[in-house]
Amino acid sequence: MQAQGKAISCMFLLNDTPGVLIGVRSDLADKVKTGADLKGLKLGITAPGSSTDTMARYYIKKARLGPRDVNIIAVGSGAPGMVALEAKNIDALVYFDPIATMLARKKAAVPLFDARTHEGSKQAFGGVYPTACLYLQQSFIDKNLETVQRLVNSLLKTHRWINSVPTEQLVEAIPAGYKTDNTEVNIEILKASKDLFSQTGLMDPESAKVPLAVLSDYDPKIAAAEIDLSKTFTNKFVEQAAKQLK
C-alpha cells in the first residue's frame, strides 16, 4: 500500500508465520526433496497474484530455478487443490490447514517445508515471515486513538488466552462453520497451527524485512519504491496494552 502512496499501519501482529506448506505427492517424495527438484513439475497454487503464487515463485527462485522451470497452475483454494493433487493433475501443491492435516492423515503429500513453524518459515523464506495483522489507515488511527487501543487490548487478551488454554478448549470455542465435523481432526489441525498465533502481538523490525524481500522480488513496483518499513507498523499500542492488562 505504501508503494501505492497509501498510509496504512499494522497495529497488532496476529500471525508470526504464514502457515503455508509446499508439498509433493507421496509417490514423488523419493525424487523431490528440495525446491530445485520441482524443475519440470506442475505446482498448484490458489490463483495468480495470490499469496500462494507470491510465496511459490520466491521459493522457486531461491532454489535457483527460472520462472519457466516449474509449471505453476491455479487450482483454487482448499479442497480443489487436494483433489487435483490426489488425482495426479498436479505434482506439488501450495497449501494451508486444514488441507495440510488432511493430506498428512492420508499420507498423500510430503512437505518440502512447513511454515506453520518458525523453523519452516526460515527454511522457505530466509526468516520468520509475519503475515496477518490488524492494520488501519493512518488517518483513522490519528482520529481514533482510544478505539484503536481498545481493539489492540482485546486482541492481546485473546492471543494470551489462545496461548494458555488446552487445544481442546480452543476447538470448542470455534464456531461450527470454521471447523470440520471431526473433533479429532480439529484438535490435530490446531495443534499443528498453534505456533502461528503471535504470543505478544509485537512486530519484530528484522522480521518485517522478510515479507518486503519476498514482495519486492515478486512486484517490480514495490522493488522500485523506497519503502519506509518503520511506517508500516507500530508497537506502541501493543506495549500500552501489555501495561494495562498486567
Side-chain angles (χ1 to χ4, degrees), residues 10-23 46 50-52 55 77-82 93-111 113-125 127-136 147-204 207 210-211 233 235 237-246:
C10 167
M11 300 289 101
F12 187 97
L13 179 63
L14 298 166
N15 292 149
D16 282 334
T17 59
V20 67
L21 300 86
I22 288 183
T46 56
S50 65
S51 61
T52 59
M55 294 178 195
S77 62
M82 180 170 66
L93 180 67
V94 186
Y95 55 103
F96 302 85
D97 259 324
I99 299 305
T101 297
M102 291 177 177
L103 285 173
R105 286 173 69 90
K106 292 180 176 184
K107 297 183 177 170
V110 176
F113 71 80
D114 182 349
R116 290 176 294 183
T117 67
H118 285 200
E119 285 307 310
S121 180
K122 290 174 184 176
Q123 179 188 350
F125 308 111
V128 176
Y129 192 131
T131 309
C133 68
L134 168 69
Y135 64 86
L136 300 166
T147 299
V148 174
Q149 189 62 61
R150 289 186 179 191
L151 281 167
V152 172
N153 286 7
S154 178
L155 287 170
L156 180 59
K157 194 173 180 181
T158 301
H159 274 240
R160 285 180 173 179
W161 179 79
I162 287 171
N163 286 294
S164 66
V165 300
T167 307
E168 291 78 5
Q169 192 172 340
L170 285 178
V171 170
E172 289 176 7
I174 298 173
Y178 293 89
K179 57 188 176 184
T180 74
D181 295 330
N182 188 319
T183 300
E184 185 181 325
V185 171
N186 293 328
I187 291 170
E188 199 171 325
I189 290 167
L190 272 181
K191 281 183 176 178
S193 300
K194 203 170 180 182
D195 281 350
L196 268 70
F197 297 97
S198 172
Q199 296 198 21
T200 65
L202 295 166
M203 177 72 79
D204 174 28
S207 295
V210 177
F233 69 91
N235 284 325
F237 291 96
V238 179
E239 290 166 350
Q240 181 62 30
K243 293 177 182 176
Q244 293 179 11
L245 297 174
K246 276 186 179 179

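Along the sequence shown, the residues carry numbers beginning at 1. Just so we're clear, the structure is a prediction, and the values are computed from it rather than from any experiment.
When all heavy atoms of S198 and N163 are compared, the pair lying nearest together is O-ND2, 3.5 Å. Q149 and A241 get closest at one heavy-atom pair: NE2-N, 3.5 Å. Taking each heavy atom of G201 and N235 in turn, the nearest pair found is O-OD1, 4.4 Å. Residue P211 comes nearest to Y129 through the heavy atom pair CB-CE2, 3.5 Å, listed as atom of the first residue, atom of the second, then distance. Heavy atoms only, all atoms of each residue included: L93 and M82 are closest at CD2-N, 4.0 Å. Residue G19 comes nearest to L196 through the heavy atom pair CA-CD2, 3.8 Å, listed as atom of the first residue, atom of the second, then distance.
Expressed to the nearest 0.5 Å, how far CD1 of I189 lies from CE of M102 amounts to 5.5 Å. The distance from atom CG of L202 to atom OG of S207, rounded to the nearest 0.5 Å, is 11.0 Å. How far CD1 of I187 is from CD of E184: 7.5 Å, rounded to the nearest 0.5 Å. The CG atom of L245 sits 12.5 Å away from the NZ atom of K243 when rounded to the nearest 0.5 Å. Going from atom NZ of K106 over to atom CD1 of I99 covers 8.0 Å, rounded to the nearest 0.5 Å. The structure places CG of L13 at 7.0 Å from OG1 of T200, a figure rounded to the nearest 0.5 Å.
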Solution key, residues 164-174 side-chain donor-acceptor pairs under 3.5 Å, sequence neighbours excluded:
unit_1: S164; atom_1: OG; unit_2: R160; atom_2: O; d: 3.0
unit_1: S164; atom_1: OG; unit_2: W161; atom_2: O; d: 3.0

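Residues D195 and T117 bring no donor and acceptor atom of their side chains to less than 3.5 Å of each other.
Between L14 and H159 the shortest side-chain heavy-atom distance falls below 4.5 Å. Between T17 and V128 the shortest side-chain heavy-atom distance falls below 4.5 Å. In this structure the side chain of D16 never reaches within 4.5 angstrom of the side chain of F197, judged on heavy atoms. With contacts defined as side-chain heavy-atom distances shorter than 4.5 Å, the pair S51/P18 does not qualify.
More than 12 heavy-atom neighbours from other residues, nucleotides or ligands sit within 6.0 angstrom of CD on Q244. Remark: R150 CZ is loosely packed, at most 12 non-hydrogen atoms of other residues, nucleotides or ligands lying under 6.0 Å away. At most 12 non-hydrogen atoms from other residues, nucleotides or ligands lie less than 6.0 angstrom from NZ of K157.
With respect to the salt-bridge test (charged N to carboxylate O, under 4.0 angstrom), the residues K122 and E119 qualify.
Residues satisfying the salt bridge (charged side-chain N to carboxylate O under 4.0 Å, His left out) test with D97, not counting sequence neighbours, are R116. Looking at residues two or more places apart in sequence or on another chain, you find a ring pair (Phe, Tyr, Trp, His ring centres under 6.0 Å) between F113 and Y59, F125.
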**OP:** Show your reasoning for whether side-chain contact (heavy atoms from CB on, under 4.5 Å) applies to Y95 and I22.
**Re:** CA-CA 6 Å; Y95 55 103; I22 288 183; 5.8 Å; no
Original post:
Going through the checks in order, is the side-chain contact (heavy atoms from CB on, under 4.5 Å) test met by V20 and V94?
Top reply: CA-CA 7 Å; V20 67; V94 186; 3.4 Å; yes
**OP:** Evaluate side-chain contact (heavy atoms from CB on, under 4.5 Å) for L134 paired with L155, printing each intermediate quantity in order.
**Re:** CA-CA 9 Å; L134 168 69; L155 287 170; 3.8 Å; yes
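For the pair S121 (side chain) and G127 (backbone), a donor-acceptor distance under 3.5 Å is present.
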